[in-house]
Amino acid sequence: MLNIPQDKLPHHIAIIMDGNGRWAKKKGLPRIEGHRVGMEKIREIMDICFKMGIKILTLYAFSQQNWNRPPREVNFLMSRFGRYLDKEEKDLKKKKVQLRVIGRRDNLSSSLKEKIKRVTLSTQNNQGFILNLAISYGGQEEIVDAVRAISLAVKKGVISPQDINKELFKRYLYTPDIPYPDLLIRTGGEFRVSNFLLWQIAYTEIWVTPVYWPDFNEEHFLEALRDYAKRDRRFGRIKEK
Ligand code: IPE
Ligand code: IPE
Ligand code: MG
């Protein structure tokens with residue numbers, strides 16, 4: 001399917017699934033139609049990851065700032081997340097996917113919180129693949145939450161300020177045990193990160209495509225992987241002769 005050696009493939013891919021609204025508008029449909037089709041894409045992209053041997057996928061589904069959208073759109077998205085969990089639970093289990101949800105839960109409805117709890121619990125021992133859904137997520141908020149938790153630990157005397165370093169900080173993030181993303185894909189053409197995984201993407205390779213998320217398919221995904229395979233990830237060093 002793709003002549004890329006396994007060691008040139010990303011281990012963890014993060015995607016900013018953007019462009020649902022513009023996709024719908026282009027077709028003369030209401031924005032929520034874009035979200036409906038967009039949610040259907042998740043399974044398709046995850047299945048390509050399985051085929052390619054990619055182990056972790058983090059998807060930006062709803063940002064902390066997206067709460068500022070009209071209630072009708074927000075409510076539609078929230079009900080779709082619940083529906084996704086109900087509909088996909090069986091398939092996630094069958095495919096040995098461990099589902100995780102990152103973000104601030106306080107704004108979510110109790111019914112959605114229940115569903116998240118149910119599916120994350122019922123898949124927590126799956127080792128095949130990690131699907132990490134960012135819902136009500138903000139990167140700055142995640143850092144603030146980590147700082148709060150660390151401050152509390154210092155106050156309680158569990159750690160001292162001298163213990164704080166990058167490794168310790170990572171342990172207080174929403175994804176303490178997951179390696180940072182190797183590749184960040186943004187659909188919809190915007191060259192910005194929109195508050196996604198700010199700490200984690202320090203050395204992540206970035207791929208932006210103008211394709212709207214509901215149109216994003218295997219061909220586009222493989223194009224991103226091919227480009228990633230050619231990148232020279234130097235991490236500040238110089239190329240070895
Ligand atoms: C991404 O698509 C989905 C969410 C942010 C929830 P948008 O809804 O942002 O679509 P555009 O960017 O307006 O086209
Ligand atoms: C980022 O898209 C959030 C998600 C894809 C969930 P937005 O559409 O909210 O980002 P901005 O407003 O263009 O920065
Ligand atoms: Mg957008």
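Note that ligands are numbered from 1 as they come in the structure, with each ligand's atoms numbered from 1 the same way. Since this is a predicted model, take the numbers as computed values, not measurements.
- A heavy-atom separation below 4.0 Å is found between Ala61 and ligand 1.
- Contact between Gln64 and ligand 2 is absent, with no heavy atom of the residue lying under 4.0 Å from the ligand.
- Remark: ligand 1 and Asn20 share an N or O pair separated by less than 3.5 Å (distance only, no angle test).
- Counting atoms of ligand 1 from 1 in the listed order, those under 4.0 Å from a heavy atom of Arg31 are 7 (P), 8 (O), 10 (O), 13 (O).
- For the side chain to side chain contact (heavy atoms under 4.5 Å, CB included) test with Leu131, the passing option among Leu57, Val101, Thr58 is Leu57; the others fail.
- Within ligand 1, counting atoms from 1 as listed, the ones closer than 4.0 Å to a heavy atom of Asn66 are 5 (C), 6 (C).
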Take Arg118 and Glu89 through the test salt bridge (charged side-chain N to carboxylate O under 4.0 Å, His left out) and record every step on the way to the result. CA-CA 9 Å; Arg118 190 190 76 225; Glu89 182 174 13; 3.0 Å; yes
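- Contacts between Ala134 and ligand 2, counted as non-hydrogen atom pairs separated by less than 4.0 Å, are absent for every part of the residue.
- In summary, Glu223 and Arg226 do not engage in a salt bridge, as defined by a charged side-chain N under 4.0 Å from a carboxylate O.
- For Phe196, no heavy-atom contact with ligand 2 is shorter than 4.0 Å.
- Residue contact check: Arg22 has heavy atoms under 4.0 Å from atoms 11 (P), 12 (O), 14 (O) of ligand 1.
- Between the side chain of Arg231 and the backbone N or O of Ile206 there is at least one donor-acceptor pair closer than 3.5 Å.
- Here the protein heavy atom with the shortest distance to atom 12 (O) of ligand 2 is Arg192 NH2, 4.5 Å.
- Looking only at N/O/S atoms, Asp18 comes nearest to the Mg ion (ligand 3) through OD1.
- Where the criterion is an N or O separation shorter than 3.5 Å, residue side chain and backbone included, Gly21 meets it with respect to ligand 1.
- Ion pairing between a basic and an acidic side chain is recognised when a charged N comes within 4.0 Å of a carboxylate O; Lys41 and Glu44 show such pairing.
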